[in-house]
Every structure is written in C-alpha cells, then in structure tokens.
K.L.:
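After the structure tokens below, expect a handful of questions from me.
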Amino acid sequence: MPTNQMPRAKAKSKTLTDFLSPLREADPELSGLVRKELSRQRHTVELIASENFASRAALEAASSVLTNKYAEGYPDARYYGGCEVVDEIEILAIERCKELFGAEHVNVQAHSGSTANQAVYFSELALGDGLMAMKLDHGGHLTHGLKVNFSGRFYNFHTYGLDRETGRLDYEGIERLAKEHRPRLIVAGASAYPRTIDFERFAEIAHSVGARLMVDMAHIAGLVAAGMHPDPVEVSEYVTTTTHKTLAGPRSGVILCKKEFAKGIDKAIFPGLQGGPLMHVVAAKAACFKLAMTGEFKDRQRQTVANAARLAERLQAGGISLVSGGTDNHLMLADLTNIGLTGIEAETRLEDVGITVNKNSVPYDELPPTITSGIRLGTPAVTTRGFREHEMDVVAEIILSVLCGKTTAADVKRLRRRTDELLAGFPLYPHL
Ligand code: DSN
C-alpha cells in the first residue's frame, strides 16, 4: 500500500471504531452513571406510585435505530421520505392501543402526559376558556390548572376537591361548581387519589351543563386495561394517559378520543405542539400495548391492587393514618400529622433504609408542597418486581419501624440490610 494513503486509512478506521464502540468504551463516565442508576433501582424498594419498570421489550425498542428517523406528519401523510417502515410501526401502535382500550381514535405521538393534556386543551378550547379540574393539593396534576403551569396561565380553571371528612371526591360539590361556572371542559383524573373514580357520574355532570369530559387516566391506565378500574373510554370525549406508570411502558403519552375529535387532536399534536415524533418511543409504546393485553399483565395489575390493599391494611394497623381510610387502587396517601412527622422527614428516613417514596400534600394541608404533611406510596413497581402480600408485610414492618419508632444508627443499618435481603430474592433486569 502506498505510504501516502496510510494516515487516511487509519483515520477512517478510528472514526468507525468510535462510532461502533459500546457506551462503556465510548463514554465510560456516562456509562458509569447509567450503571449507578441501575444499581440504585436494583437496591431500593420502589414505592413511588407513578413509577414502574419498563419491560425488556419496551427498553429495547426505545433504544433502537428508530431514533434516527424523522417522521413529521402521520402514516401515509409524512413530510419526509423513507417513512414506509415507521408508518407500519405507528399504525401497529395505534391499532394495539385502540384494541386495548376500545378507543375510536388514538394519537400515539404525544411525547408525555403533559403534552397529551395540552393537545386536548389546544384542540378543544380558546385561550381564557373555562374548565374544571381537581385541585393539585387534593391530588390533581400540574396540567390541571396550576397557576404557574401553562394550563393555569392560558385557561380559566375552577378547581374541585375532596370532602374534608371522607377524603373522597365530593360529586355533589363538583355538580354545583359545574352548574355555577358552566365550563367547556371538565377534567377528571388524579395523581394522588386512592379511590375509584366514578367516570359515569363525571360524564353525567359534564354533559348536563353542555361540557365535554376529559379523563386523565395516567395513574390507573394499567388497571383500566386489566378491568381493575371502571373504564373511562366509553363515557368521555377525550382520555389521556402516560404509558410509563401502571402500564409499564416507555416514558411517554397517548391521547384517545371519539372519532369526531380525531382531526382536532391530530392537528393539535402536529403541527400544533410538536415536530417529529419520537419513533423509537412510539415503537416502545407498541410493545407496551401488546404486553398489556396478556394474561400475565392482567395478573400483575390484580396483584398491584392486592399489594396496595395489604400495605394499607398493615400501615393502618401500625398507627399510620391514610387519607380516605384506605385504597381501592395502586396507591395510598399517608397523613403523618398524628405521628408528628412531615412528608420530607419521612421521605428522607425511608430513603436511608432503601425505600423510595415521595412527600405529598394531603387534602387541606397546612404545610407547603416542599415540606408537606404526607407521603404517597404505590405498588406498581414492586409488583412488577415480583412482590406479593408476604413481601408487603415486610415492607410495612420496615416502614412502621422507621416512621413510628425511635431508630438509632444501628437500627437504620439493620433495616437497610433487611431491605437488601428482601430485594435479593427479586433480581431486576438480570440480563443487564
Ligand atoms: N409526576 C407524576 C406523578 O408522580 O404522579 C404525574 O405526572
């Protein structure tokens, strides 16, 4: 080989070497952090109610070559060439989601639950229009009208809450508010409500004042898919969800609606709010919907609810007070006022023994959201990991020791070991 060609050949092969290097070689620093997070997930009892572990299939699809493809537009109506394969993938995701929930129309391009909600507002409302949703500090969501969120800034929200005595939705109060304000849209659904939501009642209220109903089922979508919670799809004009909570798919969003609103929703997402869809995430959603139709998934949702009921029962027996006195779904909200702890204190103490929860306002909370009087606990992730009632008993015991007793540094060490022993029986992502 002539010597004047050698440096070029070398340079070329170096470029290819970098391009084809695995993450651990191309970027050991980043790879180390990813491993560190995997290790954190493996070695903690994950009780954050909105979290879960995505299936191996969803993880693979989300890290596939589909990330390379631009596909602005919709199947068969794209603004880029080379979309024939991603068209098939998007259609697969749509058809599976329609089948899973019995929806007339589905948009799988929303990047998140927030964008999904934004798209419904954008399609259905004019700036300044009135709508109703649940107060954030009673269990609602940022996009349900928080003043500093786009929702609270662009639209006129009238918020409803929970009955002070029962800790449950006050449907009569909601009806009164609807009659008083006659909103264009009523939003049902919550981030921290432990009880079954009566979507039929919501639909009756909305339709009686000429409003449309949007259900944000992000938290309970997996339960709905498995028939463990009343289905909002039939009775609402719009349903939004994330795909990473009880559904155990990739971090993303979806919008379901009646056929007559399909055009408005699709236009709101693209070109209204987003550009190119994340086709690797759309593919991961397709994988998620397929798995959500299996018997294994349904069993897991049943166990999620059973685990939550068991945890709630044990915590209450040990002296922890739960908002509404228990749970019907995958989560519960502990009010720590009577044991003299704040939410942030409880979150930190539990973290020290390897249990992850989040501080959470309780209805009528007098403490700010950065401190709070409560914590939210949920069972989707631990159930995916394989926990059943027996493990929930152990988790409850550890929580009660940490929150209700006096723990020395030695106790914390012992309880941390107990958590480790419990987790050791349930390996997470053993292939990684
Ligand atoms: N942030 C989510 C939750 O924790 O419930 C809602 O989007």
Side-chain angles (χ1 to χ4, degrees), residues 41 44-54 110-121 133-152 157 159 161-162 169 187-195 197 214-224 229 232 238-256 273 281 285 288 304-305 308 322-324 327-334 343-344 346-347 350-351 355-363 365 369-372 374-384:
Q41 291 184 16
T44 49
V45 170
E46 184 52 75
L47 292 183
I48 292 182
S50 49
E51 293 193 9
N52 209 332
F53 301 113
H111 295 334
S112 68
S114 290
T115 319
N117 290 349
Q118 199 175 2
V120 175
Y121 303 159
M134 190 169 177
K135 290 185 177 100
L136 180 64
D137 56 350
H138 283 213
H141 185 252
L142 301 176
T143 57
H144 298 181
L146 184 73
K147 281 278 168 254
V148 292
N149 182 261
F150 81 90
S151 54
F157 273 85
T159 51
L162 305 185
L169 280 165
V187 179
S191 294
Y193 186 61
R195 294 299 183 177
I197 301 179
M214 172 187 125
V215 173
D216 179 343
M217 66 167 182
H219 262 266
I220 54 167
L223 306 188
V224 169
H229 189 288
Y238 303 98
V239 175
T240 60
T241 184
T242 52
T243 48
H244 51 274
K245 296 187 174 91
T246 42
L247 269 180
R251 185 161 295 279
S252 198
V254 169
I255 307 162
L256 297 78
L273 297 166
V281 183
K285 283 184 250 194
C288 156
T304 300
V305 173
L322 298 183
V323 172
S324 82
T327 177
D328 300 328
N329 58 23
H330 63 298
L331 69 82
M332 66 214 71
L333 197 54
I344 180 82
E347 181 186 303
L350 290 170
E351 196 149 33
I355 295 179
T356 319
V357 302
N358 65 282
K359 60 181 175 297
N360 212 101
S361 298
V362 296
D365 207 326
T370 46
I371 299 178
T372 79
I375 51 172
R376 186 183 63 164
L377 308 105
T379 52
V382 287
T383 309
T384 299

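No experiment lies behind these values; they were computed from the predicted model shown. Both counts, for ligands and for their atoms, begin at 1 and track the order of listing. One-based numbering along the sequence shown.
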K.L.:
Against heavy atoms of Ser50, which atoms of ligand 1 measure under 4.0 Å?
P.N.:
3 (C), 4 (O), 5 (O)
K.L.:
Can you tell me the protein heavy atom closest to atom 7 (O) of ligand 1 and the distance?
P.N.:
His141 NE2, 3.0 Å
K.L.:
If you count the atoms of ligand 1 from 1 in the order shown, which ones are under 4.0 Å from a heavy atom of His219?
P.N.:
3 (C), 5 (O)
K.L.:
Does Leu223 form a side chain to side chain contact (heavy atoms under 4.5 Å, CB included) with Asn329? I'd like the steps, not just the answer.
P.N.:
CA-CA 8 Å; Leu223 306 188; Asn329 58 23; 3.7 Å; yes
K.L.:
Let me confirm one number: the OH-CG distance from Tyr238 to Asp216, rounded to the nearest 0.5 Å.
P.N.:
15.0 Å
K.L.:
Do you see a protein non-hydrogen atom under 4.0 Å from atom 1 (N) of ligand 1?
P.N.:
no
K.L.:
Going by the atom numbers of ligand 1, which of them fall below 4.0 Å from some non-hydrogen atom of Ser191?
P.N.:
5 (O), 6 (C)
K.L.:
Please check if any side-chain donor atom of Thr143 sits under 3.5 Å from a side-chain acceptor atom of Asn149, or the reverse.
P.N.:
no
K.L.:
Under 4.0 Å from a heavy atom of Arg376: give me the atoms of ligand 1 that qualify, with their elements.
P.N.:
3 (C), 4 (O), 5 (O)
K.L.:
For Thr243 and Lys285, run side chain to side chain donor-acceptor pair (under 3.5 Å): C-alpha distance rounded to whole Å, both residues' side-chain angles, the deciding distance at 0.1 Å, then the answer.
P.N.:
CA-CA 7 Å; Thr243 48; Lys285 283 184 250 194; 5.5 Å; no
K.L.:
In terms of side-chain heavy atoms, does Thr240 have a donor or acceptor partner in Asn117 at a distance below 3.5 Å?
P.N.:
yes
